[in-house]
Each structure stands twice: as C-alpha cells, then as structure tokens.
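Sequence lines set the chain letters: A, B, ... in the order given, protein chains first and strands last, and positions in each chain run from 1. Because the structure is a prediction, the values reported are computed rather than measured.
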Amino acid sequence: MLARSAHATFTSLSKKRHICQSCLRRASRAPSTSTGRTLIQSRTLQTDDDAPFRKRLKDAAKTKRKREHASAGSTGDQNIGVNSRAAKWELTVGIEIHAELNTARKLFSSAATSISETPNTHVTLFDAALPGSQPHFQKETLIPALRAALALGCKIQPKSSFDRKHYFYQDQPAGYQITQYYEPFARDGHITLWPHDFPGGVSPEDGPVTIGIKQIQMEQDTAKTVHQPPSTHLIDFNRVSHPLIEIITLPQIHNPTTAAVCVRKIQMILKAVNAVTAGMEMGGLRADVNVSVRDRTAAAPGPGHSFYGISGLGQRTEIKNLASVKAIDDAIVAERNRQIDLLENGGVVEGETRGWALGSTTTKRLRGKEGEIDYRYMPDPDIAPVTIGPDLVQHLANTLPTLPDDNLRHLVAQEGGLLSTKDASTLLALDDGDRLDYYFDVIHHLRSTFPRKRKLLADLGKVTGNWVLMELGGLFKNQEWSAKRVPSDQLATIIAQVFDKQITRHTGKLLLSKKFEGDIRPIERIIADENLHLRPLSPQEYSDLAQSLLDEKPDMVKDITEKQQFGKVKWFVGQMMARSEEGTVEPETAEVVLRELLHLPPMEQK
Amino acid sequence: ERLLANPTWSVESLLPPKAGATDTPKISSQQLHHLLRLSALPPPSSPEDEKKMLDTLSAQLHFVGEIQQVDTTGVEPLRAIRDETRAAEKEHKITMETLTEAFAQEKVVGKHHKRIQRNTDSVDATDVENWAVLGSAERKAGKFFVVESERPVE
C-alpha cells in the first residue's frame, strides 16, 4: 500500500476483508509506520506522459471496431453511447459467484438436500438453530467442492477452517452464516475465456482473457423466503445449510460482456464436473458483482483503492443477486454509466450495496455506508478444522471429467478433419454430453472398420458432425435425445456407404429416417431388400431425362435463361430425382447436365 | 488457610479507575447505536441509559486494552479446546477411505466422453428430520414460518 496518513489507511483498511478488525483497533492506538509495498500494481498505471495518449488512440480504434460489432446486435444503444467514454474511463469488475453443490445431504447436518419439497420437512434441530444443537460437518460435501476447485485450477489447502459471519436476517435462523473467511479450502485458481466463448466469437480484448480466481470457499445457504405483500414473509428452512461454494475472482475484468461470459463459463465448467446441477435459471447459481471506474487519463493517478492486491482502483459498489447472464451484462453497463455520470458531474461514488431488477435502466441502492454491516468474523469453535488427504485430491484430479475447453480443442484439432468451433460447441452442449459421446462412438466405428481409407478419415470429423448434428438432430427436433434410435454403428455404416458411393447421400438420409422410425433391419439388409444401391444413369440417360423435363416446362426454362432465376435449376434437379428410382440420380451430376443443356456457366466447385 | 485468606490480585485492577479518565478512544453516540443495531439490541431508553451504556462500554474497552498488553508473540490464538495431537489429526484427515460410501453413490456414464453422475434417489434422513419443526413457532401459515417485517426485501 502507498504511504498515506494513518487515518486514511485505516479507513480504507477497514473495508479490506482480510484485516482482522481487532488487530486494526489495536494498531490504531499506537502510532503507525506505513506498511511496505506488497501489492501488484495495475498494469494500466503508466507514469510517462506519452502513454495515456497512445492508449487513447488504441482505445479509439478498439471502440470503433466494437461499435461495428455492437451493431451486429449485442447490447444495443447503451454500449454505443458509452463507447466514447470507454476511452476515458476504465471499468473494473470483480465477481463473487455462489453455487449450490450437488450433494445428497446438507453441509452441517445430515438432513437431505431438496428442491421444491414440502416446506420445513428437511430440517434438523441445528438447521432451525435450536439452542444447544451442534453442527456435524458432512464430509461427502467435499467431493463436488474439490472437483469444482480442481476444474478452476485452484490449489487445495490441506488444512482449512470455518468461520461465523454474523448478521441478523429472517432467512438466517442462527444469526450467523458459517463460511470460510480466514482459511478457505482452495486458493489461486484461474479461468481463461477464449474468443469462441464470447457472443459472435469476438473477444473484447483481442484474444484470450485470463481472470484470476482468488479463492473458493464453502458456506451455508439461507432459508427460502416467500414475500406476501405488503410485509409478510413465509419462511421455509429446507434450504438452510445447503452447501454452497463461493468463487471470488480478482478484479481483473474490464468489460461487461467479459463479466457475463465469465459467469456463464464458470457455470459450464461446474456442470461439466458434476459439482453443480442446477444453473442460474433454476436459482442454483447467483452472482454478485463489484463495479468501479477509474479515469485513465488522470495525469497523476491517486493512490486509489486496492482490492485483493490490485491497487489504483476507484471506489466500488456491489450489485447483489444477479440471476441471469444478461442481467449481469445489463447491470454492469447501467452501474458504470451511473458512476461515470456521477464523477463527471463532480460527485463522489459512495461505497454502497445496490440491487438490479430485470428490465430496469439503473441499479437501485439497497444499503449505504451507514447500513454497512460489520460481520465480526470469528472462527467457529464448534467445528473442527478440515484436513484433506493428498490421496483424495489426487484421485479426484485424475478422474476429473474432461473440461469443455479440452474437449473443444480435441474436436477441432483431431486427426480426421476439423469440426468448426461453433459446431464443436453445439455438440458439447447438447443432451448433457450424450450427443458428444455418440459422436465419438460413430467415429470410433468408422475408424475401426476403415482403418486404411485415408480420404474418409481425413474428413471424418466434419462429415460425422454434419450427420449427427444436422441430419440426425433434425429428425429428433423437439424429441428427447436417445442414442438407441439410430445405433451408432448403423449411422457409421450409412456414412461409409455414402462415402464409398455405394448409395447417394439422398438415399443415406432416407435410410437414416427409416432407422429413426424403428426399422430394425441392419442397413445393408435394407439396401439389398429395397434395391437402393447407386445405379448411376449413363450420361445419355441423364441428358435424355434432363431434356424431357426442360421440354415440359418451357416457361421455367425462360425464367432461368432470360430472367437469370438460377434457383429454378434446383427445382429441375429435384424433379429429375423424383422421377427416377431411388439411388439412380445424383444431384450433383444432374445439375451439371442441366446447366450444360441450358448453356449456363458450370456451378462453382464447393 | 492463611495463605488463601487475603486476595493478592483482583480483576478490578484491569478496570479503569472510578474517576473515569482513560486513554481509550471515545465512543460516539452514533457508534453505539450502530453496534446496538448490529447486535439486534434495543436502543437506549433515555439519555441517562445511553450515558450508562457508553460508560460501561468504555470500561470494557479499557479492560480489553489491559488484556492486550500481555505479550502473546508466538502463541496461536485458541479457537476451541481440541485434541490437536498428531494422532488425532491423522484420525480426522479426510481420505479416499473416509469417503468410500459417498463414491459408491456415483457412477461414470459415457463410453468415450466420460462424465460423473451422482445417484439422486432420496436419502433417508428421517432420524434427524422427524420432529415437529413448526412446533414452537409463535406464528405459522400452513407449513411455513411467518415473519412480519417492514424492512425492504433484499
């Protein structure tokens, strides 16, 4: 921390979460010396005069590019209006995510976890905070917690402990929440956001963004409250002491979209390792964001505020309980605008807690400094410290499911052709990963049946992706996915047959829908039974058929040759296929023949 | 007997002198009200009551100050009286063995893209859940506890 008057130091220190308040009070009685500089300087604190101008130019170019992308329809008017201000004001955001762990029992009692069950039926004496009841740490809750921490790259602390955070509220029967303030179980992780994670595939920072995770801690959830206007609340204690993890990021986010994408990605990772099952839509994950702005162009940047080691920041406000990814983006934009307006009009940002309602244009103040709560954190004397064996951590690390980024990398770079990043993301997200498993199985079959077909293997990823996502996906439409409708080996056969030119692609699709509708005959059987083998017409047969069609519809021919309505060529192709037996006319050949006859330029090679 | 007849020390020595002058920081009325609100205690009933509270608080702070004079370098603050021997720590360490049953409730799904699924059949917790949760509630509405509050909903 930079040297300042003792009083100023302590006023800001009292807002820092790690400083023990009692130590603070003791120190304030004695004259103090400044603490040493131990904090990381924010990288944007430049001191030479050229830098701000250079940065302004760079930012202007960036905002111009962003405006072009914004017009593709991301967050609309608000972003465009503020883009010019973005050059002057640097936004800093830190996020705190609360996620409900996927466990059978609660954190400190052996009652069952539940969603929407009869109120107050899964409550122990301790959950209801009856005097004399004791906490019993449920060790199984560590399993999803550790998985989450490992997936986010954290270091697991061999020893961690629980503390009480005191405040009174109707959803907190004990008058305190049990959390891990002094010794969380996991520290120092990170999450990387790649361009493909962002909407439109464009990262606001021109490349991957890595955000540090300060720590992850376990804590209790509160009761559910149903508000009956005007002032009655109905309380259900089923949710009390459900295990939560709180994930705290470092304030290294400088863009509202980055913040929203960060939360979405963390949710995706947590679901991938089965740490969390209910997402934001179900209320299983909530985010609080801390927002501050800083004048980039200030000639001599003041000492500013520092949080978690990042100094030179503006005063922050906290927006609580954002329940959707869009709300995060909108709320941060609104709050940034509010703070900039305030500062540009000579005001001062107060450190307060604010709320956001869906559909609002500004955040609303919930609690000011005078209502600031001193939580009086205290180690919970009733709960023994948690020691985690290294064998457990090792086992969980070894058996951690593949993370979305690794899967994506594998899909896009696999030997056997590129699946586009967009398709890969879609494949990953569908049906809780079952669709991806099926995809891998089809590829596995193709690889083992045709180990030497170089050309097939070269395009394998893309071709299979197309069949699994588009063709088969199209058949399912709104039905629930099942890998049994079209067994993977059957689809593999279809793909191989098409590739080998044993059947046309059109026939392949027909076979697929036959199997989908329940035809139990193996593919080879159906082909044989119904004579679906490709029996290509001779060139003469092609031209004869084409010519007869063209003769039938002279008006259409005129549309094509005179009015340049080239789309109608496809109609003729369709007619040629419809009038011939299945498996005889190939659309590509038909189109070539038709174009020749119509004296049209050949179509471009795809 | 004679040895124990006269006290040699009293805890009063840690309290401020009756005259009241101490070097503890002065507590403002605003701070007092803030502390009372945090602790969900009623505000002072009269200015005399408030003065009494402030004096008591001041004396308590002086007392705490005296306690803090004790040199505790190298001494870890005690959180609870526990068995902190190596043997006890070993016993309480959470290992693979400790969680065998929990792992048995999970399975791996998928042939190539392996994922974890936890058995979500409901657990039987009747031994701890089976009691009259709403039994001592002053006010209830159906299966809910009822709270009347004028404070804005957070």
N/O donor-acceptor pair under 3.5 Å between Arg115(B) side chain and Asn274(A) backbone: no
His113(B) vs Asn407(A) side-chain heavy atoms within contact, under 4.5 Å: yes
Exam field: side chain Glu129(B) to backbone Ala112(A), donor-acceptor pair closer than 3.5 Å: yes
Donor-acceptor under 3.5 Å (Asp391(A) side chain, Met96(B) main chain): yes
Proximal component of Ala128(A), with respect to chain B [non-hydrogen, under 4.5 Å]: side chain
Point-to-point distance, once rounded to the nearest 0.5 Å, from NZ of Lys93(B) to NZ of Lys159(A): 11.5 Å
Contacting moiety of Gln170(A), where chain B heavy atoms sit under 4.5 Å: side chain
Crowding at CD, Glu101(B) (>12 non-hydrogen neighbours, <6.0 Å): no
Among Ile388(A), Asp236(A), Leu436(A), residue most engaged with chain B (heavy-atom pairs, under 4.5 Å): Leu436(A)
Taking every non-hydrogen atom, the tightest pair across Ser110(A) and Ala125(B): O-CB, 3.5 Å
Side-chain heavy-atom pair Lys114(B), Pro401(A) within 4.5 angstrom cut-off: no
Stepwise side chain to side chain contact (heavy atoms under 4.5 Å, CB included) test for Phe103(B) and Thr399(A): CA-CA 12 Å; Phe103(B) 280 119; Thr399(A) 56; over 6 Å; no
Ion pair Lys111(B)/Asp437(A), N-O distance below 4.0 Å: no
His122(A) side chain reached by Ser122(B) side chain, heavy atoms, under 4.5 Å: no
Distance-only side-chain donor-acceptor flag, Arg79(B) / Ser161(A), under 3.5 Å: yes
Region of Ala40(B) in contact with chain A, defined by heavy-atom distances below 4.5 Å: both
Which of Ile116(B), Asp124(B), Thr95(B), Val133(B) touches chain A most, by non-hydrogen pairs under 4.5 Å: Ile116(B)
Partner chain B: residue of Ala483(A), Ala104(A), Gly175(A) with the largest heavy-atom pair count (under 4.5 Å): Ala104(A)
Pairing of Arg147(A) and Glu106(B) as salt bridge, 4.0 angstrom limit: yes
Contact leader toward chain B among Ile383(A), Asp171(A), Leu400(A), Asp382(A), where contacts are heavy-atom pairs under 4.5 Å: Ile383(A)
Toward chain B, the part of Val393(A) with a non-hydrogen atom under 4.5 Å: neither
Close side-chain approach of Phe144(B) to Thr225(A), heavy-atom, < 4.5 Å: no
Selection from Gln394(A), Met378(A), Arg376(A) maximising heavy-atom pairs under 4.5 Å formed with chain B: Arg376(A)
Parallel, tilted or perpendicular, as decided by the 30° and 60° cut-offs, for the rings of His444(A) and His112(B): tilted
Heavy-atom contact with chain B under 4.5 Å, split by part of Asp127(A): neither
Side chain / backbone / both / neither for Thr103(A) at chain B, heavy atoms under 4.5 Å: backbone
Closest contact, heavy atoms only, Ala102(B) versus Glu140(A): CB-CG, 3.3 Å
Atom group of Phe237(A) that falls short of 4.5 Å from chain B, counting heavy atoms: side chain
Region of Ala223(A) that comes under 4.5 Å of a non-hydrogen atom in chain B: neither
Other residues, nucleotides, ligands: >12 heavy atoms within 6.0 Å of Ile115(A) CD1: no
Neighbour count above 12 (heavy atom, 6.0 Å) for Gln134(A) CD: yes
Asp374(A) vs Leu38(B) side-chain heavy atoms within contact, under 4.5 Å: yes
Side chain to side chain, Leu234(A) and Val146(B), heavy atoms closer than 4.5 Å: yes
Separation between OH of Tyr169(A) and OG of Ser149(B), rounded to the nearest 0.5 Å: 6.5 Å
Segment of Phe137(A) engaging chain B (4.5 angstrom heavy-atom cut-off): side chain
Atom pair CG/CG of Leu392(A) and Leu99(B) - distance to nearest 0.5 Å: 5.5 Å
Identified side-chain contact (heavy atoms from CB on, under 4.5 Å) partner of Ile94(B) from the options Leu146(A), Thr387(A), Leu142(A), Ile143(A): Leu142(A)
Centroid-centroid distance, His233(A) to Phe145(B), less than 6.0 Å: no
Crowding at CD1, Ile81(B) (>12 non-hydrogen neighbours, <6.0 Å): no
Pairwise side-chain contact, Arg118(B) with Thr277(A), heavy-atom cut-off 4.5 Å (strictly under): no
Over 12 non-hydrogen atoms of neighbours within 6.0 angstrom of NZ in Lys140(B): yes
